[in-house]
S.K.: 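Okay, here's the structure, questions in a sec.
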Amino acid sequence: MPVLAKSKPVSNSATAPAPIQVKTKTYEETLPNGLKVIIREDHRAPVAMTQIWYKVGSTDETGDELGLSHALEHMMFKGTSKVPGEELSRISGKFGGSTNAFTSNNYTGYYQLYPAQYVPLALELEADRMQNLQLRQQDFEPEMRVIMEERRQRTDDNPKALAYEKFRWMAYPTSPLRQPTIGHMKNLEGLKLDSLKRWYQKWYTPNNATLIIVGDVDPQKTIYDVRRYFGDMPRRATPVRPDVSEFQHIGERQMDVSVPVQIPALYLAWNVDSLQSADNPDKAYALALLQSVLDGGLSARFETRLIREQRILASVSCNYDLFNRGSSLFTITAIPEQGVTLEQARAAILAEVEKLKTDPITPTELERVKTSYLAELVYSQDSIEGQAQLIGMLESANLSYKIIDALPQKLNQLSVPYMQQIAQQYLVSDNLSTMYLRVAGDKTQAKSAPNAQNPVQAASQPATSATKNPVSSTSTGSNP
C-alpha cells in the first residue's frame with residue numbers, strides 16, 4: 001500500500017522496555033493427514049477444553065447460498081451412526097461437560113469442556129462427527145426454522161443490528177467479509193440439504209482443521225489419544241478460498257438511515273490491513289496501538305476529551321481486529337450527548353483522528369497504551385477458553401499462535417513518528433465509510449448544525465451509559 005506522496009520512510013524503532021511478557025508452555029504437532037494439533041498445559045483446575053476449528057465460513061459462500069456454514073454448524077449436533085440424534089449433548093451432560101459451537105466469516109468452531117480425565121471422550125466424539133455425520137431431511141427442516149427464528153430475533157427484528165448489517169456491506173464494498181454469517185432470510189428459505197452435504201464433504205477434513213486442547217492435561221498422553229482417534233482419517237483436497245482483501249482508496253462512502261430506535265448513533269469505519277494482509281506487520285501493530293490511544297480505557301483521548309471534558313459524546317467505542325483474515329476495519333461507534341447532532345459528533349471524532357497524525361504522543365501516554373493493550377491481552381487468556389479462542393483465531397487466519405509471545409517486543413519497537421505515518425496512510429477519507437443512524441421521525445439533521453466543523457463545547461445533560469460495541473452479524477453460535 002502506498003505511503004503518502006513525498007513522505008520519507010520513518011523508523012519504527014523505540015527504546016522503552018516492554019512492561020509485560022506473555023509466556024506459555026505449548027506442544028504442537030501436525031499429523032500425517034494434515035490435522036494440526038496444539039496442546040497447552042494449564043493445571044490451575046482439573047478441567048480441559050477441546051476446540052476444533054475448520055477454515056471455512058461465510059466468506060467462502062456464494063451469494064445465493066449464504067448461511068451454509070452456520071446451518072451446517074447447527075446440523076453437526078444432529079448425530080452420527082455411532083452417536084445418533086441428541087446423544088452427543090446427553091453424553092456431555094452425563095460426564096459433567098458442556099458443548100457448543102460458533103461460526104464467523106472465516107472459520108467454524110466446536111468446543112467441549114470436560115473434567116480433564118474425559119478428554120479422550122471429547123476427542124472420540126469430535127472425530128466421529130468429523131467423518132460420520134448423518135444429514136437427514138427430518139432434522140434439517142425443523143433446524144432451518146430454528147435458524148430463521150434466530151435471524152429474526154438477532155437481526156430482522158433489531159433495527160440497530162439490521163442497519164449495521166447494511167453498514168458492513170458499505171464498509172466492505174468488494175470483500176466477501178461483508179456477507180452476514182447467518183445469511184439473509186431469502187438464502188435460508190432456499191437452502192437445500194444437498195448443499196449442506198456438499199459443504200460438509202468439501203471442508204470437513206483433517207487437513208482443513210486445527211485441534212486445540214487447553215487445560216489440565218499431559219501433552220504426551222493427549223497426543224497419543226489424538227493420533228488414536230484422528231490419525232487414520234484420510235485427507236481430502238479442499239477448494240481454494242476466495243481472496244478477502246479489500247481494495248484501498250475507492251472513495252468515501254456515507255449512508256443515512258432512519259430506524260425506530262430511541263437513541264441516534266454514529267458509525268465510522270476505515271478499510272485497513274490486518275496483521276495477515278499487511279505487507280509490513282508493523283503497520284498492523286501500529287494500528288492496534290492507535291486504536292488504544294483513542295479508546296484504551298478511562299485515560300484514553302476519546303474518554304478524556306470528548307466525553308468528560310467537551311461532553312460531546314455520551315459513549316464511544318473504537319475497535320480494530322488485528323488478527324482478522326484478509327482486510328480489517330478500524331471502526332468507531334458513538335452516541336452523541338443530548339443536544340449534539342450526529343454531524344457535530346462526527347466532526348469532533350474526526351478532529352481527534354487528525355490529531356493522531358500531527359500531535360505528538362508523549363512517552364508517558366505511549367507507555368500507558370502499550371501496557372494497557374498487553375494487559376488486556378493477558379487478561380483475555382486468563383481462562384482456558386480464552387486461551388483456546390485466541391490460538392484458534394490466529395491459526396485460522398494463517399497466523400501462528402507464537403505471535404503472542406513476541407507481541408510485547410513488536411509493540412515496544414514502534415516509535416511515535418512511525419505511528420503517525422501509519423495514521424496518515426490509513427485513516428483518510430478515501431478509506432472511510434460513515435453511517436448516520438437516526439431516530440425515525442427526527443428532523444434534526446445536517447441543516448440544523450451549521451457549526452458541524454466546530455463542535456459544541458458542552459451539552460446540556462451529563463454523559464449516560466451506553467453500549468460499547470455495535471451489534472455485529474459476523475459471528476453466531478449454536479445452543480444445541
S.K.: For N106 and S104, does a side-chain donor sit closer than 3.5 Å to a side-chain acceptor?
M.R.: no
S.K.: Quiz question: by atom type and distance under 3.5 Å, do the side chains of N324 and Q276 form a donor-acceptor pair?
M.R.: no
S.K.: Partners of M393 by side chain to side chain contact (heavy atoms under 4.5 Å, CB included), sequence neighbours excluded?
M.R.: W53, Y107, L390
S.K.: Surrounding CZ of R308 (heavy atoms of other residues, nucleotides or ligands, distance under 6.0 Å), is the total greater than 12?
M.R.: yes
S.K.: Please check: side-chain N/O of N431 versus main-chain N/O of Y426, any donor-acceptor pairing under 3.5 Å?
M.R.: yes
S.K.: Please tell me if the side chains of K370 and L366 come closer than 4.5 Å, counting only heavy atoms from C-beta onward.
M.R.: yes
S.K.: For the residue pair L437 and L266, establish whether any side-chain heavy-atom pair is separated by less than 4.5 Å.
M.R.: no
S.K.: Checking R235 against T205: is there a side-chain donor and acceptor pair closer than 3.5 Å?
M.R.: no
S.K.: Testing the 3.5 Å rule here: is there a donor-acceptor pair between the side chains of Q51 and Q112?
M.R.: no
S.K.: Answer yes or no: is there a side-chain heavy-atom contact under 4.5 Å between I332 and S317?
M.R.: no
S.K.: Quick check against the 3.5 Å criterion: does S274 have a side-chain atom that pairs as donor or acceptor with the backbone of G326?
M.R.: yes
S.K.: Looking only at the side chains, is there a donor atom on one of N105 and S58 sitting less than 3.5 Å from an acceptor on the other?
M.R.: yes
S.K.: Any side-chain to backbone donor/acceptor pair from N271 onto A171? Under 3.5 Å, distance only.
M.R.: yes
S.K.: D128: which residues meet the side chain to side chain contact (heavy atoms under 4.5 Å, CB included) condition with it, sequence neighbours left out?
M.R.: T80, K82, V83, N132
S.K.: Is the side chain of E61 donor-acceptor paired with the backbone N or O of S69 at a distance under 3.5 Å, no angle test?
M.R.: yes
S.K.: Going by the rule ring-ring contact (aromatic ring centres under 6.0 Å, His included), which residues pair with Y118 if we only count those two or more places apart in sequence or in a different chain?
M.R.: F95
S.K.: Return the set of residues passing ring-ring contact (aromatic ring centres under 6.0 Å, His included) with Y200 (not counting sequence neighbours), or none when no residue passes.
M.R.: Y204
S.K.: For W203, which residues count as a ring-ring contact (aromatic ring centres under 6.0 Å, His included) partner, sequence neighbours excluded?
M.R.: W199
S.K.: Could you check if a side-chain atom of V37 sits within less than 4.5 angstrom of a side-chain atom of E28, using non-hydrogen atoms only?
M.R.: no
S.K.: My understanding is that only residues two or more places apart in sequence, or in another chain, count here; which of them pass side chain to side chain contact (heavy atoms under 4.5 Å, CB included) with E376?
M.R.: none
S.K.: Give me the ring orientation class for F330 and W270: parallel if the planes are under 30° apart, tilted from 30 to 60°, perpendicular past 60°.
M.R.: perpendicular
